[in-house]
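Notes follow the structure.
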Amino acid sequence: MIQSEKGRKIPSRGLTPNQIVDTLDLYNFAPVLLGDEHHKLHYFTNEIIAYIESGIPVIATMNRKRHAITLFGHGSIDYDKLNTELDSLKEPESNIILHSSLISTVFAVDDNHFPYRQIDTDLPVSDRKIDYALREINYIIIPYCQKVLLGFNEVYEKFMQIVKENIMHWDGVRICRIYLTSSNSFKEKAAQNDKMHKELKKIILLMDMPRFIWCVDLATIEESRAGLISGRLILDSTVSTQDENPWLLMHDSFCINAIEYGRKLRNSPCKIDPYYLYKNNLQDINSIKLHRTSIWEDIYND
């Protein structure tokens, strides 16, 4: 039973963020509530899109609207931003650009409107029926599976530390995509990737991984446009947030560092050409013909 936080249950004012967390917990999820002071961090919007990229539906609440929506997809990557906003898009003290910072729209289910609404990251919005933007979100609830302990912010901070220490050779501007996925799906797609280096593929397929892994894919601007990557990091999602070494694998174009059985580090020098990025968490709908929602609303309203 979900505990009522204030006063009477009828008429209901809807669930609070904490009550949504309690509800998900009853169904054996391990939900995480993020917001309040956390939402002021510069990468909060990037964090939301990273979870969407992971195929995880994100429940978002807005204080101004006193309303909750579910975010489940995102729009195309706008590479034109790189022509005018390149320096401002870079993460502090680095040449890293989060791919989520190139995405201007997400898709949502809002029960006050027809489904599959497009939500812009900033005001003014392009949809005349929607009067709010992604940056107005105050809280998000992430319905994690059990045993996933690392979140986006820990992965981001550990990755940026690797970048600043210049441990790997990721020279020039790099587009970075951070996402959580299942190791079984990840290995299946690796086995099918005919552009992946044979040694890298062998290491990934034989590696002992937890059920879910965090991945960080890196690509030059040209590679990203072509759907390719030339660098990757894989993290164990089940380790403690205080673990300083959650890495299972990291590689650049010249070598592979991987943890093998017995937690021993193996360094494999090799020339790695760009290969196809991992796609499985979200379906590309560009080839699907969709009806303009407002048309159906006009018919319905008539």
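In what follows, residues are counted from 1 in the order of the sequence shown.
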Exercise for the section: Flag the pair D110 / Y132 as yes when at least one side-chain heavy-atom distance between them is below 4.5 Å, and no otherwise. Expected result: yes
Practice task
Indicate yes or no for a side-chain donor-acceptor contact from Y79 to the backbone of S224 under 3.5 Å, with no hydrogens or angles considered.
Solution key: yes
Problem - Full working for side chain to side chain contact (heavy atoms under 4.5 Å, CB included) between I162 and V216 - result: CA-CA 12 Å; I162 293 289; V216 183; over 6 Å; no
Handout entry: I49 side, atom CD1; E47 side, atom CD - distance, nearest 0.5 Å
Key = 11.0 Å
Handout entry: Heavy-atom closest pair, residues L150 and T241
Key = CD2-CA, 3.8 Å
Exercise for the section: Could you tell me whether the side chain of L180 reaches within less than 4.5 Å of the side chain of V155, counting heavy atoms only? Expected result: no
Practice task
Measure the CG-CG distance between L233 and L218 for me, rounded to the nearest 0.5 Å.
Solution key: 6.0 Å
Fill in the blank from the handout: OG1 (T61) and CD1 (I137) are apart, to the nearest 0.5 Å, by 8.0 Å
Exercise for the section: Could you check if a side-chain atom of V106 sits within less than 4.5 angstrom of a side-chain atom of I48, using non-hydrogen atoms only? Expected result: no
Problem - Interatomic distance, I141 atom CD1 to I20 atom CD1 [nearest 0.5 angstrom] - result: 4.5 Å
Practice task
Hey, can you tell me if F72 and F107 have their rings parallel, tilted or perpendicular (30° and 60° cut-offs)?
Solution key: tilted
Practice task
Please step through side chain to side chain contact (heavy atoms under 4.5 Å, CB included) for the pair I234 and W247, ending with a clear verdict.
Solution key: CA-CA 6 Å; I234 303 176; W247 312 103; over 6 Å; no
Practice task
Taking the six-membered ring for Trp and the single ring otherwise, decide whether the centroids of Y179 and H74 are under 6.0 Å apart.
Solution key: no
Problem - Residue pair F186 / C215, side-chain heavy-atom distance below 4.5 Å - result: yes
Problem - Side chain proximity check, E53 to H99, heavy atoms < 4.5 angstrom - result: yes
Fill in the blank from the handout: Closest non-hydrogen contact found for F212 with S237 is O-OG, 2.6 Å
Problem - Flag if over 12 foreign heavy atoms under 6.0 Å of CD, E93 - result: no
Practice task
Kindly check if the number of other-residue, nucleotide or ligand heavy atoms within 6.0 Å of CZ (R225) is above 12?
Solution key: yes
Problem - Least distance between heavy atoms, K90 atom then V173 atom - result: CE-CG2, 4.0 Å
Exercise for the section: Step through the shown structure and confirm whether more than 12 heavy atoms of other residues, nucleotides or ligands are within 6.0 Å of NZ on K164. Expected result: yes
Completion exercise
Shortest non-hydrogen pair, E136 vs M62, comes out as O-CG, 3.7 Å
Practice task
Indicate yes or no: at least one non-hydrogen side-chain atom of I175 is less than 4.5 angstrom from one of I221.
Solution key: yes
Exercise for the section: Considering non-hydrogen atoms only, spot the tightest contact between I167 and M250 and give its length. Expected result: CG2-SD, 4.4 Å
Handout entry: Criterion side chain to side chain donor-acceptor pair (under 3.5 Å) on R174 and S230, from CA distance to verdict
Key = CA-CA 10 Å; R174 296 280 171 155; S230 55; 2.8 Å; yes
Problem - CD/E165: more than 12 non-hydrogen atoms of other groups inside 6.0 Å - result: yes
Exercise for the section: Answer yes or no: is there a donor N or O on one side and an acceptor on the other, between the side chain of S54 and the main chain of I56, under 3.5 Å? Expected result: no
Problem - D217 side-chain N/O to I229 backbone N/O, donor-acceptor pair under 3.5 Å - result: no
Exercise for the section: Test side chain to side chain contact (heavy atoms under 4.5 Å, CB included) on H197 and H251 and set out the steps. Expected result: CA-CA 11 Å; H197 192 283; H251 80 79; over 6 Å; no
Exercise for the section: Please determine if R266 and E199 form a salt bridge, counting it only when a charged side-chain N lies under 4.0 Å from a carboxylate O. Expected result: yes
Exercise for the section: Kindly say whether D25 contributes a backbone atom to a donor-acceptor pair with the side chain of D22 at under 3.5 angstrom? Expected result: no
Practice task
For residues T181 and I213, determine if any side-chain heavy atom of one lies less than 4.5 Å from a side-chain heavy atom of the other.
Solution key: yes
Problem - Donor-acceptor pair, side chain of E157 and main chain of E154, under 3.5 angstrom - result: no
Problem - Value rounded to 0.5 Å, distance of OG in S253 from NZ in K271 - result: 6.0 Å
Handout entry: Hydrophobic cluster membership, Y156 vs V239, 4.5 Å side-chain cutoff
Key = yes
Handout entry: Derivation of the side chain to side chain donor-acceptor pair (under 3.5 Å) call for N280 and S185
Key = CA-CA 8 Å; N280 192 62; S185 169; 2.7 Å; yes
Exercise for the section: Using the ring of Y276 (Phe, Tyr or Trp, six-membered ring only), decide whether K195 places NZ or CZ under 6.0 Å from its centre and within 45 degrees of its axis. Expected result: yes
Completion exercise
d(D243 CG, T238 OG1) to nearest 0.5 Å is 9.5 Å
Problem - Side-chain touch L265/I259, heavy atoms, less than 4.5 angstrom - result: yes
Practice task
Report the C-alpha separation of I204 and M196 in whole Å, then their side-chain angles, then the decisive distance to 0.1 Å, and conclude whether the side chain to side chain contact (heavy atoms under 4.5 Å, CB included) test is met.
Solution key: CA-CA 11 Å; I204 289 176; M196 183 181 288; 4.1 Å; yes
Practice task
Give a yes or no on this: more than 12 heavy atoms of other residues, nucleotides or ligands lie within 6.0 Å of atom NE2 of H67.
Solution key: yes
Handout entry: Plane angle bin for W170 and F159 - parallel if under 30°, tilted between 30 and 60°, otherwise perpendicular
Key = tilted
Handout entry: E91 side chain vs L98 backbone, donor-acceptor pair below 3.5 Å
Key = no
Fill in the blank from the handout: In terms of heavy-atom contacts, N95 and G172 come closest through CB-O, 3.4 Å
